[in-house]
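Just follow the structure's listing: the first ligand is 1, and inside any ligand the first atom is 1.
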Amino acid sequence: MKTARGTLDVFDSAEIVANAVADLFVERAGEAIGERGQFCVALAGGTTPKAAYALLADEPRSGQVDWRNVAVYFGDERCVAPDDEQSNYRMAQQMLLRHVPVPAENVFRMRGEDEPAAAARDYANVLRSTLGPAPRFDLILLGMGADAHTASLFPGEDPHRDEDALVRAPYVEKAGAYRLTLTPAVINNARCIAIATEGPSKAAALQSVFREPEDATMRPIQSVAPRDGELVWLVDREAAGGLLQH
Ligand code: 6PG
């Protein structure tokens with residue numbers, strides 16, 4: 001359904017959410033490659049997207065994407081080595097990238113093993129050199145934490161604080177570690193942003209995001225508002241819980 005915060009699609013189960021994310025990926029890839037010759041996508045980390053990535057890595061969907069013309073980026077990364085079990089890149093490699101023929105030179109990972117501020121600067125340069133001064137993704141996949149964070153934009157810091165930055169390296173108290181993350185300047189320039197979230201642990205956050213006034217410092221995912229694009233929330237009934245009660 002249409003809401004002030006984008007389209008909210010509620011599905012009966014997490015499995016159906018994963019299928020919906022995979023179908024959206026296939027659809028947007030076909031559109032982008034058909035219209036512009038390439039599909040530029042930023043992948044989400046965490047656990048929610050794993051099922052969707054596994055579906056994309058398998059028939060029939062793996063055969064429905066022209067992987068040679070897909071460019072893969074990341075919405076955020078933990079400041080760890082790429083082979084660390086915490087790495088979002090490692091998870092995407094395991095669940096999707098090693099199963100499909102995306103050219104290695106088309107995979108742009110955030111270098112979590114480098115000094116955070118330098119890694120953020122480097123990734124911003126990668127974005128500029130490959131996508132131009134105002135990077136515009138065809139699709140950005142995001143998740144949501146139970147504290148209404150998204151990517152690595154966590155409560156307590158204004159996500160809009162340095163509007164010119166494309167990539168940021170915040171120290172995340174909750175994680176006791178640095179992270180790398182796209183900023184709202186990049187996220188909100190996307191043609192399509194898809195937020196997938198599921199499970200009862202996200203219900204309170206989702207309700208506050210949709211029902212409480214805008215406070216992006218408290219609820220960073222409220223900073224997600226595409227300037228000239230589409231925002232789709234793909235959630236299961238457990239996460240949508242309170243939202244469905246009128
Ligand atoms: C990360 C993600 C993060 C994630 C949320 C939800 O690096 O962990 O980018 O923003 O999307 O924390 O995580 P789950 O999908 O594991 O609930």
Closest protein heavy atom to atom 15 (O) of ligand 1, given as residue, atom name and distance to 0.1 Å
Thr48 OG1, 2.6 Å
Between Glu113 and Arg109, does any side-chain N to carboxylate O distance fall below 4.0 Å?
yes
Suppose we call two aromatic rings close when their centres sit under 6.0 Å apart. Are Phe74 and Phe108 close by that rule?
no
Subset of ligand 1 atoms that lie under 4.0 Å from at least one heavy atom of Asp76:
1 (C), 2 (C), 7 (O), 9 (O)
Below 4.0 Å, non-hydrogen atoms only: which portion of Asn88 touches ligand 1? Side chain, backbone, both or neither.
side chain
How close does the nearest protein non-hydrogen atom get to atom 1 (C) of ligand 1, and which residue and atom is it?
Arg78 NH2, 3.4 Å
Between Val107 and Leu139, is there shared hydrophobic-cluster membership here, with clusters defined by ILVMFWY side-chain heavy atoms closer than 4.5 Å?
yes
What are the atoms of ligand 1, with element, lying closer than 4.0 Å to any heavy atom of Gly143?
11 (O)
Residue pair Arg61 / Asn19, side-chain donor-acceptor N/O under 3.5 Å
yes
Interfacing atoms of ligand 1 (cut-off 4.0 Å, heavy-atom, Lys202)
6 (C), 14 (P), 17 (O)
Considering only protein heavy atoms, which is closest to atom 6 (C) of ligand 1, and at what distance to one decimal place?
Met144 O, 3.4 Å
Quick one: do Thr48 and Glu198 satisfy side-chain contact (heavy atoms from CB on, under 4.5 Å)? Show the steps, please.
CA-CA 7 Å; Thr48 301; Glu198 62 204 28; 3.7 Å; yes
Quick test of your reading of the model: are Arg28 and Asp138 salt-bridged, counting only N-O distances below 4.0 Å?
no
Can you sort out which atoms of ligand 1 are near Thr47, meaning under 4.0 Å from one of its heavy atoms?
14 (P), 15 (O), 16 (O), 17 (O)
Side chains of Gln222 and Arg219: donor-acceptor distance under 3.5 Å anywhere?
yes
Considering both backbone and side-chain atoms of Ser152, is one of its nitrogen or oxygen atoms within less than 3.5 Å of a nitrogen or oxygen in ligand 1?
no
Among protein heavy atoms, which sits nearest to atom 12 (O) of ligand 1, and what does the distance come to when rounded to 0.1 Å?
His149 NE2, 2.7 Å
side-chain contact (heavy atoms from CB on, under 4.5 Å) between Val41 and Val70: does it pass, once the steps are laid out?
CA-CA 8 Å; Val41 58; Val70 175; 4.2 Å; yes
Ligand 1-proximal atoms of Ala151, by part, heavy-atom distance under 4.0 Å
backbone
Interfacing atoms of ligand 1 (cut-off 4.0 Å, heavy-atom, Arg179)
1 (C), 7 (O)
Which heavy atom of the protein is the closest neighbour of atom 13 (O) of ligand 1, given with residue, atom name and distance?
Gly46 CA, 4.2 Å
Looking only at heavy atoms of Glu77, does any of them come nearer than 4.0 Å to an atom of ligand 1?
no
Looking at Pro135, is its backbone amide N or carbonyl O close enough to the side chain of Asn189 to form a donor-acceptor pair, meaning the two atoms are under 3.5 Å apart?
yes
Anything under 30° is parallel, anything over 60° is perpendicular, the rest tilted; go ahead and classify Phe154 against His149.
parallel
Within the structure, is a non-hydrogen atom of Gly75 found at a distance of less than 4.0 Å from ligand 1?
no
Sub-4.0 Å heavy-atom contact, Glu198 with ligand 1:
no
